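It should be emphasised that the depicted structure is a prediction, and the values quoted were computed from it without experimental measurement.
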Amino acid sequence: MSHSAVSQQAATAVSVSVGNERSLRRSVFKHNNSISFNTKSSWSSSLALNQKTTTTIRDARRYTSTTTLCMSVQQASSSKVSVSPIELEDPSDPPLNLYKPKDSYTAKIVSVERVVGPKAPGETCHIVIDHDGNLPYWEGQSYGVIPPGENPKKPGAPHNVRLYSIASTRYGDFFDGKTASLCVRRAVYYDPETGKEDPSKNGVCSNFLCDSKPGDNIQITGPSGKVMLLPENDPNATHIMIATGTGVAPYRGYLRRLFMEDVPNYGFKGLAWLFLGVANTDSLLYDDEFSKYLKDHPDNFRFDKALSREEKNKKGGKMYVQDKIEEYSDEIFKLLDNGAHIYFCGLKGMMPGIQDTLKRVAEERGESWDAKLSQLRKNKQWHVEVY
């Protein structure tokens with residue numbers, strides 16, 4: 001299935017990274033060294049350290065009811081969770097394209113868990129993948145997945161790569177640097193005339209992932225992407241995160257790093273503000289985690305939801321994420337004026353409504369939105385990844 005087909009069917013494969021690419025400077029939080037993990041060989045030789053301490057725990061946890069297990073670790077206590085190997089903090093640059101389509105990495109499925117309620121439209125799954133430490137990544141990056149079978153448009157050739165935003169920190173859901181998690185909505189096609197499902201047009205990769213079983217092999221490429229990397233040079237920064245549906249994936253990684261993990265030499269004292277738009281309460285993703293951050297870090301985390309099928313905006317229409325943005329527009333604009341970073345992730349159809357809202361608010365404030373957007377991009381405050 002092509003990237004255009006993915007966007008039409010509302011799957012989670014990221015097709016385009018839109019926004020300003022940048023090199024990420026690690027300073028206050030990081031060790032000052034120049035290790036780079038941009039090749040497989042440099043990664044392997046640099047991180048063959050300090051892994052014995054996690055082996056027993058990791059092996060005991062593999063291929064069990066893993067997602068519930070790893071989430072409950074932090075829910076039992078407000079204390080942060082220790083992570084390893086700390087060498088994952090050392091590189092000065094993010095790992096990029098360690099494995100390519102013609103030389104993909106064979107990882108294994110650890111677990112597949114449905115993470116939406118019965119009244120949610122469609123099915124969304126949290127999928128944990130075991131890469132055994134061989135496919136490191138940073139928060140905000142993506143993995144490529146090559147589904148099994150051959151490309152119908154190129155008989156004999158494999159399927160094209162589908163990109164998925166990673167929904168975990170570099171340490172994974174077990175905090176040992178061995179796994180990555182994806183948040184995937186099953187793409188199902190319904191014939192507009194009959195209203196019936198047409199399996200021949202369903203999303204190849206999303207259905208493969210949601211149907212996977214623990215122990216299944218999965219071909220991975222990447223990691224890729226710089227535009228959604230979390231800037232960490234300022235511990236007092238403000239991060240405004242806007243998502244629709246599975247676009248919340250990278251923000252789960254951000255927030256676990258900011259609030260859940262005990263990373264040495266890392267201390268976030270700023271504000272993380274998440275806006276999440278979904279259809280209804282049953283469609284909320286990772287709500288227990290986010291709600292706990294609200295309870296434990298009320299001065300550093302805000303969480304606003306837009307439930308389009310359950311709430312009305314001020315005009316009496318459906319409540320979309322752009323309506324929530326408008327509700328807090330004065331505050332958001334002031335934060336942006338003071339250097340806040342703003343992130344957008346989700347279906348590309350979310351952006352026109354959001355842009356229109358921001359433009360209208362800017363004009364009401366006597367500002368030119370085009371000039372403001374240009375300045376935000378120039379300052380590397382504007383981060384967009386839509387599919």
*Can any side-chain N or O of Ser291 pair as donor or acceptor with the backbone N or O of Asp287 at less than 3.5 Å?*
yes

*Using a strict cut-off of less than 4.0 Å between a Lys/Arg side-chain nitrogen and an Asp/Glu carboxylate oxygen, indicate whether Arg252 and Asp173 qualify as a salt bridge.*
yes

_Other residues, nucleotides, ligands: >12 heavy atoms within 6.0 Å of Lys359 NZ_ = no

*With the 4.5 Å side-chain cut-off for hydrophobic clustering, are Ile242 and Met319 part of the same group?*
no

*Ring-ring centroid check Phe344 Trp382, cutoff 6.0 Å*: yes

*If we only count heavy atoms from C-beta on, is the Val83 to Asp262 side-chain gap below 4.5 Å?*
no

*asked:* Any non-hydrogen side-chain atom of Val263 less than 4.5 Å from a side-chain atom of Arg257?
replied: yes

_Does this structure show an ion pair linking Asp330 with Arg365, if we count only N-O contacts that are shorter than 4.0 Å?_
yes

*From Phe175 CZ over to Ser82 OG, what is the distance, rounded to the nearest 0.5 angstrom?*
8.5 Å

_Ring-plane angle category for Phe333 and Trp369, please: parallel below 30°, perpendicular beyond 60°, tilted otherwise._
tilted

*Give a yes or no on whether the backbone of Leu336 and the side-chain of Gln381 come within a donor-acceptor separation of less than 3.5 Å.*
yes

*Minimum side-chain heavy-atom gap Thr238-Asn338 below 4.5 Å*: no

_Whether Ser168 side chain and Ser181 backbone form a donor-acceptor pair below 3.5 Å_ = yes

*Determine whether Met351 and Tyr320 fall in the same hydrophobic cluster, where Ile, Leu, Val, Met, Phe, Trp and Tyr are linked whenever their side-chain heavy atoms lie under 4.5 Å apart.*
no

*Heavy-atom count around Arg114 CZ within 6.0 Å, excluding the residue itself: above 12?*
yes

_Please give me the minimum heavy-atom distance between Leu294 and Phe303, naming the atom from each residue._
CD1-CB, 3.9 Å

_Salt bridge Lys305-Glu311, side-chain N to carboxylate O under 4.0 Å_ = no

_For residues 320-329, which residue pairs pass the salt bridge (Lys or Arg N to Asp or Glu O under 4.0 Å) check, not counting sequence neighbours?_
Lys314-Glu326, Lys324-Glu327, Glu326-Arg360

_Separation between CG of Leu376 and CD1 of Ile342, rounded to the nearest 0.5 Å_ = 8.0 Å

*Kindly determine whether Lys318 and Glu310 satisfy salt bridge (charged side-chain N to carboxylate O under 4.0 Å, His left out), including the steps that lead there.*
CA-CA 8 Å; Lys318 291 184 177 182; Glu310 294 180 2; over 6 Å; no

*Just checking, any donor-acceptor pair under 3.5 angstrom between side chains of Thr357 and Gln322?*
no

*Can you check side-chain contact (heavy atoms from CB on, under 4.5 Å) on Arg170 and Glu89, steps first, answer last?*
CA-CA 9 Å; Arg170 67 194 69 187; Glu89 300 298 314; 3.7 Å; yes

*Considering non-hydrogen atoms only, spot the tightest contact between Pro235 and Phe268 and give its length.*
O-CD1, 3.6 Å

*In terms of the angle between their ring planes, are Phe301 and Tyr293 parallel, tilted or perpendicular, with boundaries placed at 30° and 60°?*
perpendicular

*asked:* I'd like to check Ile109 versus Val128 (side-chain heavy atoms, cut-off strictly below 4.5 Å). Are they in contact?
replied: no

*Answer whether the closest heavy-atom distance between the side chains of Ile220 and Ser104 falls below 4.5 Å.*
no

*Examine the side chains of Asn134 and Tyr105 and answer whether a donor and an acceptor come within less than 3.5 Å of each other.*
yes

*Which atom pair, heavy atoms only, marks the closest approach of Val361 to Ser329?*
CG1-CB, 3.5 Å

*Can Phe275 and Ile240 be said to form a side-chain contact (heavy atoms from CB on, under 4.5 Å), step by step?*
CA-CA 8 Å; Phe275 291 85; Ile240 303 169; 4.0 Å; yes

*asked:* As an exercise, state the distance from OH of Tyr286 to CG of Leu274, rounded to the nearest 0.5 Å.
replied: 12.5 Å

*Do you know which two heavy atoms are closest between Cys210 and Cys125, and how far apart they sit?*
SG-SG, 3.6 Å

*Single-linkage hydrophobic cluster Ile166~Phe208, side-chain heavy atoms < 4.5 angstrom*: yes

*Might you work through the side-chain contact (heavy atoms from CB on, under 4.5 Å) test for His159 and Arg162, ending with a clear yes or no?*
CA-CA 9 Å; His159 283 289; Arg162 275 72 163 179; 3.5 Å; yes

*For Asn300 and Gly270, indicate whether the former's side chain and the latter's backbone hold a donor-acceptor pair under 3.5 Å.*
yes

*For residues Ser283 and Asn280, is any side-chain donor paired with an opposing acceptor at under 3.5 Å?*
yes

*Closest approach of Leu285 to Phe290 (non-hydrogen atoms, all atoms of both residues)*: O-CE1, 3.3 Å

*asked:* Less than 3.5 Å apart, any donor N or O on the side chain of Gln141 or Ser224 sitting next to an acceptor on the other?
replied: no

*For Val112 and Lys213, run side-chain contact (heavy atoms from CB on, under 4.5 Å): C-alpha distance rounded to whole Å, both residues' side-chain angles, the deciding distance at 0.1 Å, then the answer.*
CA-CA 7 Å; Val112 177; Lys213 301 292 187 291; over 6 Å; no

*Any chain of hydrophobic side-chain contacts (each under 4.5 Å) joining Val384 to Ile332?*
yes

*Which atom of Ser165 lies closest to which atom of Pro250, heavy atoms considered*: CB-CD, 3.9 Å

_Return the OG to CD1 distance between Ser212 and Ile218, rounded to the nearest 0.5 Å._
6.0 Å

_Suppose we call two aromatic rings close when their centres sit under 6.0 Å apart. Are Tyr164 and Tyr143 close by that rule?_
no

*What do you reckon, are the aromatic ring centroids of Tyr251 and His239 less than 6.0 Å apart?*
no

*asked:* Could you see if Val248 belongs to whatever hydrophobic cluster contains Tyr254? Use Ile, Leu, Val, Met, Phe, Trp, Tyr and a side-chain cutoff under 4.5 Å.
replied: yes

*Is the closest side-chain heavy-atom distance between Leu271 and Arg302 below 4.5 Å?*
yes

*So do the side chains of Tyr387 and Lys348 get within less than 4.5 Å of each other, counting heavy atoms only?*
no

_Interatomic spacing from CG in Asp132 to OG1 in Thr106 - rounded to 0.5 Å_ = 12.5 Å

*Taking atom types as modelled and ignoring hydrogens, do the side chains of Lys108 and Asn217 form a donor-acceptor contact shorter than 3.5 angstrom?*
yes

_Separation of His126 NE2 from Cys183 SG (nearest 0.5 Å)_ = 8.0 Å

_For the residue pair Asp176 / Tyr171, report whether a side-chain donor-acceptor contact shorter than 3.5 Å exists._
no

_With heavy-atom distances below 4.5 Å as the criterion, would you say the side chains of Val145 and Val161 are in contact?_
no

*Is the shortest distance from a Lys or Arg side-chain nitrogen in Glu261 or Arg256 to a carboxylate oxygen in the other one below 4.0 Å?*
no

*Side chains of Arg186 and Asn207: do they bring a donor and an acceptor to under 3.5 Å?*
yes

